[in-house]
Amino acid sequence: MQEYNKITITKEEIVPLAEKMRAEGVTLAMIHAFKEDDGTANVSYEYQTAKGVDSYTVTGENVLPSISGIYDLAAEWPEREIMELMDITFEGVDTSERLFLPESMLSEQGQILITSMDDLIEKKKGDKE
Amino acid sequence: MSYIVPIGPYHPALEEPVHARLYVEGEVIKEAKVFIGYNHRGIEKLATQKNIIQTLVMVERVCGICSHSHAWTYAMAVEGCAGIEVPKRGEYIRVIVGELERLHSHYLWLGIALHLIGHDSLFMHTWDDREAIMDILEEISGNRVNYGMITIGGARRDISDETRRNTLAMLDKIEESILRIRDMLLTDKTVALRTQGVGVLTTEDAIRIGANGPHARASNVPIDVRKDSPYSCYEDFEFEKAVFPTCDVFSRVVIRVLESVESIKIVRQALENLPAGKINNDGAVPKLPKVPVAEYMVRYEAPRGQLTYKVVTDGKVGNKRVSIHVPTFRNAPTIPTMLRENSVADAGLIIASIDPCFSCMDR
């Protein structure tokens, strides 16, 4: 079984960590995010290791610096996707066009993962009418 | 003169919807942009409403070609959260079906690529062999896709001795054939003219953008999760990490043939050394596992590249978050780089050369 190590970091450590990892040739496997029931944001930077994944997690921050200048599109696409799925922002990422969800999604806000299922069903009914 | 040429979301060269915008001067592509999400089905959202067994069935429907990969990777993530051990025979059965899935996926793409190249006789020959693989998958699981072979903690169905013998006989047949296909591809003038030097992705660009799987290996990047961070029982098998250095569409065609030869080796070893014992921890009827509040991420080498699942459990019977990222999500960003300075006529072939699964990516 692969290893999964969770390491807590602060918002200020995100960019220096990414620069260090890139310099060492470490692959960014993915950036993941989810929200706790009370709305607390969890954003994880998953770096590949020989045994699995080291997950560097920032908690409680809704605005984060982008690492797309360091990891290029390997970071930009996950960052844009997270911004469209939930209300977490990565500073410096071009959001002039949607990457993932349609422009009309929930009155042009998207963010399906933080919208309740009841609201999504209501919205769908409205679209059909 | 400059033009903007839209390709897709619906296009004859694409099996699934994606939109590319080409900025061209005459016949030459100068820049390109890719837009995704045309087949978003809200599967990650639905997963937060379902229990673990229901989610296992649902994620197998994320993709029609690599369905086993999704179910297996989700199962490994839940097993990681709960600390569940899988019996050795169950692991071997998972590997056998996983590698047969890789074989039929590679043969599928080879056929499509050969059709796009204009070599229809080899396309039909490849798909004839693919049918033999699909027949064996049907014999093992009862289905041609969505095999339902995975349960939390093992495999759902055993492989009988008769099926084991039939599978080994099928492997002998397709191994002889794939070596002949390999020789034809390496020497055929039509294939060379349509693919060599087309859609180049240099090793540096592949690493910079984060390409993975066969797409990266065709750009001479030696990465393969089965070797680099082994999961399940891959350490038990001898196989090579296939890499090809020419970084073009030709390289992407050849790499899938080389990988098919390696997959045949793995399936044969797994069948010949299939351990005795139980295949899962539950018996015939899967039970909802007890999973604490936890999170776990798994990297899996799917046919098209690295598939990742991150699962956050709620401590009851469900998921707080299931995050799915398929290889195409990492390989599609390389499309603009590959298209630059190529002709518009090759755009369809170049986009298809990443072996995209856009529905899978949109999930």
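Values below: every heavy atom of this structure, side chains too, minus hydrogens, waters and symmetry copies. Everything numeric here is computed off the predicted structure, so don't read it as measured data.
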**Student:** Identify which part of B/Arg321 has an atom lying under 4.5 Å from any heavy atom of chain A, answering side chain, backbone, both or neither.
**Tutor:**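 It is the side chain, since no backbone atom gets that close.
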
**Student:** More than 12 non-hydrogen atoms from neighbouring residues, nucleotides or ligands closer than 6.0 Å to NZ on B/Lys227, yes or no?
**Tutor:**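 More than 12 heavy atoms, drawn from other residues, nucleotides or ligands, come within 6.0 Å of this atom.
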
**Student:** Does a sphere of radius 6.0 Å around NZ in A/Lys11 hold more than 12 heavy atoms from other residues, nucleotides or ligands, not counting ones at 6.0 Å or beyond?
**Tutor:**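 Enclosed: over 12 neighbouring heavy atoms sit under 6.0 Å from NZ of A/Lys11.
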
**Student:** Any idea which of A/Glu76, A/Glu36, A/Lys6 has the most non-hydrogen atom pairs under 4.5 angstrom with chain B?
**Tutor:**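 Ranked by contacts with chain B, first place is A/Lys6.
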
**Student:** When you measure from the side chain of A/Gln2 to the backbone of B/Ser229, do you find a donor-acceptor pair of N or O atoms at a distance under 3.5 Å?
**Tutor:**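 Yes, A/Gln2 side chain to B/Ser229 backbone: donor-acceptor pair under 3.5 Å.
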
**Student:** Heavy-atom cut-off 4.5 Å, strictly under: side chain, backbone, both or neither for B/Glu295 against chain A?
**Tutor:**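 Both backbone and side chain of B/Glu295 come within 4.5 Å of chain A.
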
**Student:** How long is the straight-line distance from NE2 of A/His32 back to CD1 of B/Ile324, given to the nearest 0.5 Å?
**Tutor:**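 If I round to the nearest 0.5 Å, the distance is 9.5 Å.
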
**Student:** Can you say whether B/Val298 sits under 4.5 Å from chain A via the side chain, the backbone, both, or neither, judging by heavy atoms?
**Tutor:**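 Both parts, heavy atoms under 4.5 Å.
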
**Student:** Taking C-beta and beyond as the side chain, do B/Lys310 and A/Met30 meet within less than 4.5 Å on heavy atoms?
**Tutor:**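 Side chain of B/Lys310 against side chain of A/Met30, heavy atoms only: no contact under 4.5 Å found.
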
**Student:** Using 30° and 60° as the class boundaries, would you call the ring planes of A/Trp77 and B/Phe329 parallel, tilted or perpendicular?
**Tutor:**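 The arrangement is perpendicular - the two ring planes meet at more than 60°.
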
**Student:** Between atom OG of B/Ser323 and atom CG of A/Leu113, what is the distance when rounded to the nearest 0.5 Å?
**Tutor:**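 B/Ser323 atom OG to A/Leu113 atom CG measures 8.5 Å (nearest 0.5 Å).
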
**Student:** In terms of heavy-atom proximity below 4.5 Å to chain B, should A/Ser55 be classed as side chain, backbone, both, or neither?
**Tutor:**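 The side chain, not the backbone.
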
**Student:** Rounded to the nearest 0.5 Å, how far does CG of A/Leu85 lie from NZ of B/Lys45?
**Tutor:**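 Reported to 0.5 Å precision, the distance equals 10.5 Å.
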
**Student:** Please classify the contact between B/Val225 and chain A as side chain, backbone, both or neither, with a heavy-atom cut-off of under 4.5 Å.
**Tutor:**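 Contact with chain A is through the side chain of B/Val225 alone.
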
**Student:** Starting at CE of B/Met297, measure out to CG of A/Asp54 and round the result to the nearest 0.5 Å.
**Tutor:**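 The distance works out to 11.0 Å.
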
**Student:** Would you mind reporting whether A/Glu46 and B/Arg299 have side-chain heavy atoms less than 4.5 Å apart?
**Tutor:**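 With C-beta onward as the side chain, the pair stays apart.
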
**Student:** Got a second to check how far A/Thr27's OG1 is from B/Gln306's CD, nearest 0.5 Å?
**Tutor:**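 So the gap between those two atoms works out to 8.0 Å.
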
**Student:** Is B/Asn212 in contact with chain A via its backbone, its side chain, both, or neither, using a 4.5 Å heavy-atom distance?
**Tutor:**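 Interface part for B/Asn212: neither.
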
**Student:** Given heavy-atom pairs under 4.5 angstrom as the criterion, report whether the side chain, backbone, both or neither of B/Glu79 touches chain A.
**Tutor:**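 Both the backbone and the side chain of B/Glu79 come within 4.5 Å of chain A.
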
**Student:** By a 4.5 Å heavy-atom criterion (distance strictly below it), what part of A/Glu81 contacts chain B: side chain, backbone, both, or neither?
**Tutor:**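 Contact with chain B is through the side chain of A/Glu81 alone.
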
**Student:** Where the side chain of B/Arg330 meets the backbone of A/Ala29, is there a donor-acceptor pair that is under 3.5 Å apart?
**Tutor:**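 Side chain of B/Arg330 to backbone of A/Ala29: a pair is present.
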
**Student:** Using a 4.5 Å cut-off on heavy atoms from C-beta on, say whether the side chain of B/Lys320 contacts that of A/Lys35.
**Tutor:**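 A/Lys35 vs B/Lys320: side chains apart.
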
**Student:** Which answer fits A/Ala75, side chain, backbone, both or neither, if we ask what part of it has an atom under 4.5 Å from a heavy atom of chain B?
**Tutor:**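 Neither part.
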
**Student:** Hey, which of B/Val312, B/Leu46, B/Val86, B/Thr308 has the most heavy atom pairs under 4.5 Å with chain A?
**Tutor:**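 It is B/Val312.
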
**Student:** Say you draw a straight line from CG of B/Asp205 to CG of A/Leu73; how long is it, rounded to the nearest 0.5 Å?
**Tutor:**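 Here the rounded value is 10.5 Å.
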
